[in-house]
There are 2 protein chains.
Amino acid sequence: MQEAINAALEGMRKMGGGPFGAVVVKNGEIVGRGSNRVTDTNDPTAHAEVVAIRDACAKLGEFQLDGCEIYTSCEPCPMCMGAIYWARPDKVYYACDKTDAADVGFDDAFIYKELELPLHDRKIPFTQISRDESLKIFGEWGEMEDKTEY
Amino acid sequence: MQEAINAALEGMRKMGGGPFGAVVVKNGEIVGRGSNRVTDTNDPTAHAEVVAIRDACAKLGEFQLDGCEIYTSCEPCPMCMGAIYWARPDKVYYACDKTDAADVGFDDAFIYKELELPLHDRKIPFTQISRDESLKIFGEWGEMEDKTEY
């Protein structure tokens, strides 16, 4: 965890973005590292966990983190939580929590609350259109035989 | 939406990843485009919406999508939902929904259910450690005067 906290501190002081860091560990070795890079790379998805997961997957040449642990300096926001579920590591350690993050001005807790509301009650409006058109592609995916599932 | 569906079809047929596509529109013009690239880039975060948001932000030179609409061929998974909240577009249109995605083998609905559980009841175990160490960095962030907030 100290390495994740170091990454957070370094990233923040370099003005990469917010005070967040994460590392991915496999067999006791760090295989991925990230700090928040939202503002210096103009990428709202460049949270520490996402950066560390992408770094680890690139190094390992895999899109799954089997046998890995993630250490993150703060409880993952919903985006990072989703990213972690898709990457499927064995375990996650976190330091600060979403309330701590809210206390210093980050939207994590707000977004968690929004996700509990029905789509039509959210601050960003969500509208369903053209379902039938898109379902046809799902049908084609279902029938593909040489696809890579994830 | 037809452009998002076209991106989904093209990405799937090129074996980039799953059958998903998205576009970002600003003032009636497409400013970002993405299809799922999880398997061909070994990046579990490369969902269509994330790819399209990153593309649009890179083109616009911004980390926010003010005044933009996102069209996605499927209801965003929790990761993409979080990414959308951080990018803050005005509105989102989606075609298929998370149940349709589950029907063709994707974990969206499962991850939504996991996020409703307390951290200690989830399939991937989450453990809090070293909060005090990490809180110190949040304190330093709170006091920084020249930071870029997001």
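Chain letters run A, B, ... following the sequence lines, proteins first and then strands; every chain starts at 1.
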- Query: Any ion pair linking A:D107 and A:K98 (charged N to carboxylate O, less than 4.0 Å)?
  - Reply: no
- Query: Between B:E133 and B:K136, is the closest basic N to carboxylate O distance under 4.0 Å?
  - Reply: yes
- B:N36 and A:Y150: side-chain donor and acceptor closer than 3.5 Å? yes
- Message: Suppose we call two aromatic rings close when their centres sit under 6.0 Å apart. Are A:F20 and B:W141 close by that rule?
- Response: no
What part of [X] lies closer than 4.5 angstrom to a heavy atom of chain A: side chain, backbone, both or neither?
X: B:N6; answer: neither
X: B:L115; answer: side chain
X: B:D97; answer: both
X: B:D90; answer: backbone

Heavy-atom pairs under 4.5 Å with chain B, option from [options] with the top count:
options: A:F110, A:Y71, A:F106; value: A:F106
options: A:M15, A:E149, A:Q2; value: A:M15
options: A:I129, A:T41, A:I84; value: A:I129
options: A:D103, A:V50, A:L65, A:L119; value: A:L119
options: A:I124, A:I53, A:V104, A:L135; value: A:I124
options: A:R131, A:Q128, A:Q64; value: A:Q128

Which bit of [X] comes within less than 4.5 Å of chain B, counting heavy atoms only: side chain, backbone, both or neither?
X: A:K147; answer: backbone
X: A:C96; answer: both
X: A:I5; answer: both
X: A:A46; answer: neither
X: A:D146; answer: both
X: A:E116; answer: neither

Name the member of [options] that forms the most heavy-atom pairs with chain A at distances under 4.5 Å.
options: B:K123, B:R13, B:E75; result: B:R13
options: B:G17, B:G105, B:A56, B:P76; result: B:G17
options: B:A58, B:G82, B:S134; result: B:S134
options: B:G61, B:G21, B:A8; result: B:G61
options: B:S130, B:P78, B:P125; result: B:P125
options: B:K91, B:R54, B:M1; result: B:R54

- Carefully, step by step, assess A:D55 and A:K59 under the rule side-chain contact (heavy atoms from CB on, under 4.5 Å). CA-CA 6 Å; A:D55 186 41; A:K59 274 197 193 114; 3.1 Å; yes
Using 0.5 Å steps for rounding, measure from the [atom1] atom of [X] to the [atom2] atom of [Y].
X: B:S73; Y: A:F138; atom1: OG; atom2: CZ; result: 6.0 Å
X: B:D108; Y: B:K113; atom1: CG; atom2: NZ; result: 11.5 Å
X: B:T45; Y: B:M79; atom1: OG1; atom2: CE; result: 5.5 Å

Could you check if a side-chain atom of [X] sits within less than 4.5 angstrom of a side-chain atom of [Y], using non-hydrogen atoms only?
X: A:I111; Y: B:W86; value: yes
X: B:E10; Y: B:S35; value: no
X: B:F126; Y: A:M81; value: yes

- With distance as the sole test, does B:R37 use its side chain to make a donor-acceptor pair with the main-chain N or O of B:G16 at under 3.5 Å? no
- Item | Evaluation steps, side-chain contact (heavy atoms from CB on, under 4.5 Å), between A:K26 and A:C68 | CA-CA 5 Å; A:K26 185 167 190 168; A:C68 294; 3.8 Å; yes
